[in-house]
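One structure is given below, encoded as structure tokens.
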Amino acid sequence: MKFVLEVTVDAAQPAEDKARELGRILRYWGGNLHHYALVPGDGSTVHDSAHQEVGHWRVVGAADA
């Protein structure tokens, strides 16, 4: 399968804040993936700690697709 995670981070944030927010997003969504079948078409929006939409993840099919 091919799993795609796209997140936009505020470029004006200090590097430490960007890293902290990305780490939080990865931990949260990594922990929630067991709720999905992880088949092509699965996906969800991704929100930051301020509950703002910052991206999405999706399963698009085979890695070579």
Item checked: H35 atom NE2, neighbour heavy-atom count above 12 within 6.0 Å -> yes
Checklist line | Student check: side-chain heavy atoms of W29 and V46 closer than 4.5 Å | finding: yes
Item checked: 4.5 Å side-chain heavy-atom contact, L26 and L5 -> yes
Next item on the list: Return yes if some donor-acceptor pair links the side-chain N/O of R27 with the main-chain N/O of G23 below 3.5 Å, else return no.
Entry: yes
Within this structure, what is the [atom1]-[atom2] distance for the pair [X] and [Y], rounded to the nearest 0.5 Å?
| X | Y | atom1 | atom2 | answer |
| --- | --- | --- | --- | --- |
| R58 | L38 | CZ | CG | 14.0 Å |
| H56 | T8 | NE2 | OG1 | 9.0 Å |
| F3 | D42 | CZ | CG | 10.0 Å |

Notebook entry, point to check: Does K18 pair with E21 as a salt bridge, N-O distance under 4.0 Å?
Noted result: no
Notebook entry, point to check: Shortest non-hydrogen contact from P40 to G61?
Noted result: CG-CA, 3.7 Å
Check: Taking only residues at least two apart or on different chains, which pairs with a member in residues 6-26 satisfy ring-ring contact (aromatic ring centres under 6.0 Å, His included)?
Finding: none
Notebook entry, point to check: Can you list the steps and then say if W57 with Y36 is a ring-ring contact (aromatic ring centres under 6.0 Å, His included)?
Noted result: CA-CA 12 Å; W57 69 264; Y36 297 87; 4.8 Å; yes
